[in-house]
Colleague: 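Please read through the structure below; I'll follow up with questions.
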Amino acid sequence: MTEKIMLIDGNSIVNRAFYGVPLLTNREGQHTNGVYGFLNILFKLMDEEKPDYLAVAFDLHAPTFRHIEFDGYKGTRKGMPDELREQMPLLKEMLQAMNVQIYEMEGFEADDILGTLSAKAEEAGVIPIVVSGDRDLLQLASETVMVRIPKTKGGRTETEDYYAKDVIEKYGVTPLEFIDVKALMGDASDNIPGVPGIGEKTAVKIIQDYHELENAIAHSLEIKPKKASENLTEFQEQARISKFLATIIRDMPISFEKMQTKIGDMFNPKAYDLVKRLELKSMYDRFEKEEVQTAQTEDFLGIYSFETAKIFLENLEKRETAYHFLMDEGKCQGLALYQEEIGGCWLEVGENLSVEQLFQVAETFFGDNNYVKIGHDIKNDIKMLREKLGKTTEISFDTAIAAYILNPTGTSYAYDDLAKTFLNLILPSGEEVMGKGKSKKAFSTLSEEERKGFAVSQAKVFFETKKIMTEQLEKNGQNQLFYEIEMPLIYVLADMEEYGIKVDKNALLEYQKNLEISIEGITKEIFALSGEEFNLNSPKQLGVILFEKLGLKGGKKTKTGYSTAADVLEKLRFEHPMVEKILYYRQLAKLKSTYADGLLAVMDEKTEKIYSTFNQTITATGRISSTEPNLQNIPVRLELGRELRKVFIPESEEYCFLDADYSQIELRVLAHIAGDETLINAFRNDQDIHRLTASQVFHVPFDEVTALQRSNAKAVNFGIVYGIGSFSLSQDLGITRKEAEQYIAAYFAKYPNIKKYLNETIENATKEGYVATLWNRRRAMPELQSNNFIQRSFGERVAMNMPIQGSAADIIKIAMVQVHHALKEGGYRSRLILQVHDELLIETFKEEKEAVAKILKEKMEQAAELSVPLDVDVHEGHSWFEAK
DNA sequence: TCAATCACG
DNA sequence: ACGTACGTGATTGAT
């Protein structure tokens with residue numbers, strides 16, 4: 001086995017990591033985010049590569065930011081901010097404590113050190129892996145030397161990995177030619193002048209043709225754009241200097257003693273003390289235990305052939321079993337099973353077991369209801385199994401959903417997070433073991449033991465966490481919520497995702513086209529008024545035009561400058577004709593980018609349908625969310641946007657839409673929970689609730705309420721549901737704060753039980769530490785313990801709102817399960833296709849229309865028995881527009 | 001990556 | 001006095 005050495009560009013990695021990490025400061029007031037970010041990347045790459053040797057190179061004089069200016073953009077690029085430079089001694093201290101070899105030398109950059117060390121390491125028979133944030137290092141890539149460039153994405157670190165062939169593939173030139181390209185195009189941030197008039201495109205073209213700078217200079221007269229030809233001739237000396245500057249030195253006078261870089265005891269007490277002093281909390285575990293725990297793979301059985309798999313599954317005891325499909329880039333790589341009595345087993349797709357064969361044998365397990373099945377995030381499994389087996393599989397427990405019910409504010413319910421939360425186990429994440437994306441370590445490069453261990457340890461975690469979760473659900477009184485609402489809902493959502501919704505493609509294209517034309521027109525008008533062109537999509541540039549050039553008075557509002565949000569512009573509407581046009585432009589731009597372009601981009605070309613994902617574990621209140629695309633925020637309030645709903649149509653002529661929505665469901669829930677007689681009676685008598693509130697708050701007879709009074713009362717009702725404040729209400733209604741206070745006082749005087757309920761909810765939440773819905777969906781409320789007024793106030797509003805919004809979410813979920821069930825049982829050819837919080841959209845077979853409408857209304861209205869009736873309006877149409 | 005904006009209930 | 005309504009997701013520009 002060949003040995004590996006990891007060579008790290010210290011400065012550029014600290015810099016790169018810095019941007020992916022929040023600002024951390026320890027008790028001594030030292031910033032630690034640079035150190036933290038560096039260690040994060042270091043450990044991640046070490047886990048992946050398991051190198052034998054390690055060295056980190058630093059620049060002795062880290063440059064500060066260089067100021068750059070182009071296209072009206074002023075900024076700073078490359079180099080190291082002061083705040084980060086101050087951390088370098090700390091990082092070096094940390095590395096020394098971990099016995100990591102550091103290299104730095106006067107007169108040489110970290111690049112040169114890496115270049116030299118990698119050359120010497122290769123001579124010594126060790127394979128170098130070069131790690132840097134800087135693409136200049138790509139010239140070191142070869143058939144054996146890999147250059148890894150980390151990037152922080154979504155809080156996680158990924159790397160782009162380059163061997164020589166990857167450089168050629170991506171840049172069209174070899175690693176060595178990369179130097180010549182740079183000699184021609186230059187690099188402002190590295191003070192490499194290059195040749196004027198030659199940019200990246202031309203430089204690559206020239207080097208592809210002539211391969212080397214001197215050769216290009218010799219043929220400079222033949223080179224094509226005339227400008228490039230002339231300049232290369234004139235500035236050839238400058239190009240030679242540039243090449244010299246761009247070339248990394250590979251023979252510095254530096255000694256490389258292999259053994260000095262041997263990785264020793266990194267996680268020693270001295271290093272641990274330093275980590276503690278820096279308060280890098282998430283690193284503690286690593287220093288406490290040298291190795292993270294993984295499943296004990298030696299106890300587990302690996303199965304690699306169709307015959308063995310068949311025999312194994314036919315003889316598998318009919319007991320509670322956790323399963324896990326290991327997926328890589330959308331492909332099933334194998335199936336892990338775990339039972340208490342026999343431990344784990346891993347069926348791996350390979351030469352002697354195809355995916356088809358795997359599912360063929362898996363049917364004995366998935367098709368048999370005597371196995372109590374435990375899975376994780378089972379909606380995808382249900383869809384996959386349905387595709388492969390042609391029928392729906394019954395799975396009794398989804399550990400992701402259970403974890404969400406136990407704590408809906410969690411950030412992730414991945415298997416390693418569950419292990420930590422419920423089993424107190426630190427396990428490597430899926431990203432660490434098997435990264436996603438092509439630049440990461442591929443599944444196929446994992447050893448057999450790693451593959452088996454990773455898959456089985458997940459199944460084991462699901463099995464073990466399920467035990468703990470069942471106890472907690474029971475203790476919390478959440479069995480009904482989990483087993484009767486959330487688990488069955490998974491199947492409903494799986495169906496909705498599979499059906500999708502049909503789009504009238506031509507109508508959508510037409511809609512897009514019209515927007516495009518309107519946008520072009522309004523843009524011209526705005527530029528004519530402003531006297532100059534600017535990026536209309538940039539609030540910053542717009543702010544300058546409006547508030548500086550035109551002198552409108554807006555004042556500062558956001559962190560970064562002037563606010564140009566709609567409510568601000570609304571107030572300036574009559575100050576300048578441009579304002580109204582901006583508002584119109586915004587409306588059009590939103591419709592085009594998010595909706596017209598956005599929906600076309602996700603439409604399936606073959607079926608002309610849109611398949612959204614409905615997520616069941618996102619919201620803090622129990623609502624579901626919709627992504628890629630979000631079909632829960634399709635425009636409806638403004639006419640132009642509402643038109644878009646005409647493109648959502650039934651699958652074929654045989655179908656039409658039924659749209660059913662709950663009327664005032666949140667206020668009804670409030671009336672019920674608070675037990676307020678006035679409100680309850682109003683709903684029982686089917687009164688206009690906003691009108692009633694208006695008559696109460698404004699002391700006018702019910703029949704004499706004006707339109708304005710009703711609309712103001714509506715805002716008050718909304719405010720109550722959200723946890724009202726007089727300031728916000730005054731902003732919303734454009735009234736004084738005094739008046740808003742009077743409205744609220746009048747409201748509470750008329751609905752005393754509402755006030756009582758809101759107060760008691762906060763009090764109780766503070767005592768118990770959580771709030772709950774009518775079906776015992778819980779949300780922990782640590783904010784209420786805060787000494788910070790702002791945070792505590794937020795907590796109070798949340799405590800008031802969550803039971804209302806959450807109970808309404810519970811109700812529609814119950815209705816969805818029942819409607820879905822009734823349609824299936826009744827053998828109807830109608831299906832639920834969308835849910836928008838208080839609304840269900842059903843695609844119904846025309847002949848069943850009346851029956852289905854009746855089912856919809858009944859099931860939705862009877863989903864919950866409250867002290868007020870639930871009221872559902874059903875509409876019919878040939879598009880979502882018509883049915884609303 | 002983060003902030004600003006705006007679409008929905 | 002503090003800042004200022006609950007819950008989401010997508011797009012864009014700036015850093």
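We use all heavy atoms of the structure for the numbers below, so side chains are in, but hydrogens, waters and symmetry mates are not. First the proteins, then the strands, lettered A, B, ... as listed; each starts at 1.
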Colleague: Just grab all the side-chain hydrogen bond (donor to acceptor under 3.5 Å, both in side chains) pairs involving residues 790-800 of chain A, residues at least two apart or on different chains.
Modeller: Ser786(A)-Gln791(A)
Colleague: Decide, yes or no, whether a salt bridge links Arg710(A) with Asp688(A) under the criterion of side-chain N to carboxylate O below 4.0 Å.
Modeller: yes
Colleague: Please determine if Glu570(A) and Arg573(A) form a salt bridge, counting it only when a charged side-chain N lies under 4.0 Å from a carboxylate O.
Modeller: yes
Colleague: For nucleotides dT4(C) and dT5(B), find the distance between their P atoms and express it as a whole number of Å.
Modeller: 14 Å
Colleague: Within less than 4.0 Å of OP1 or OP2 of dA7(B), is there a side-chain N or O belonging to Arg637(A)?
Modeller: no
Colleague: Are Glu628(A) and Tyr611(A) close enough that a side-chain donor and a side-chain acceptor fall under 3.5 Å?
Modeller: no
Colleague: Describe the nucleic acid contact of Ala808(A) in one word from base, sugar-phosphate, nothing, applying a heavy-atom distance below 4.0 Å.
Modeller: nothing
Colleague: Walk along nucleotides 4-9 of chain C from 5' to 3' and tag each nucleotide B, S or - by protein heavy-atom contact under 4.0 Å, base first, then sugar-phosphate.
Modeller: BBBBSB
Colleague: Within the pair Thr560(A) and dA4(B), is there a side-chain N or O less than 4.0 Å away from OP1 or OP2?
Modeller: yes
Colleague: Check the phosphate of dT12(C) against Lys540(A), side-chain N and O only, distance under 4.0 Å to OP1 or OP2. Yes or no?
Modeller: no
Colleague: Could you give the distance separating dA5(C) and dA4(B) at their P atoms, to the nearest angstrom?
Modeller: 15 Å
Colleague: Between Lys592(A) and Asp597(A), is there a salt bridge with N-O shorter than 4.0 Å?
Modeller: yes
Colleague: Looking at Lys581(A), I'd like to know if its NZ atom is crowded, meaning that more than 12 non-hydrogen atoms belonging to other residues, nucleotides or ligands lie closer than 6.0 Å.
Modeller: no
Colleague: Could you tell me whether Arg645(A) and Glu882(A) make a salt bridge, using a distance below 4.0 angstrom between a side-chain N and a carboxylate O?
Modeller: no
Colleague: Is there a side-chain polar atom (N or O) of Gln541(A) under 4.0 Å from OP1 or OP2 of dA14(C)?
Modeller: yes
Colleague: Are Glu643(A) and Lys646(A) within salt-bridge range, i.e. N to O under 4.0 Å?
Modeller: yes
Colleague: How does DNA chain C look in dot-bracket notation if pairs are Watson-Crick or G-U with both distances under 3.5 Å, crossing ones as [ ], other-strand ones as |?
Modeller: .....|||||||||.
Colleague: Please work out if Leu591(A) contacts a base, only the sugar-phosphate, or nothing of the nucleic acid, heavy-atom cut-off 4.0 Å.
Modeller: nothing
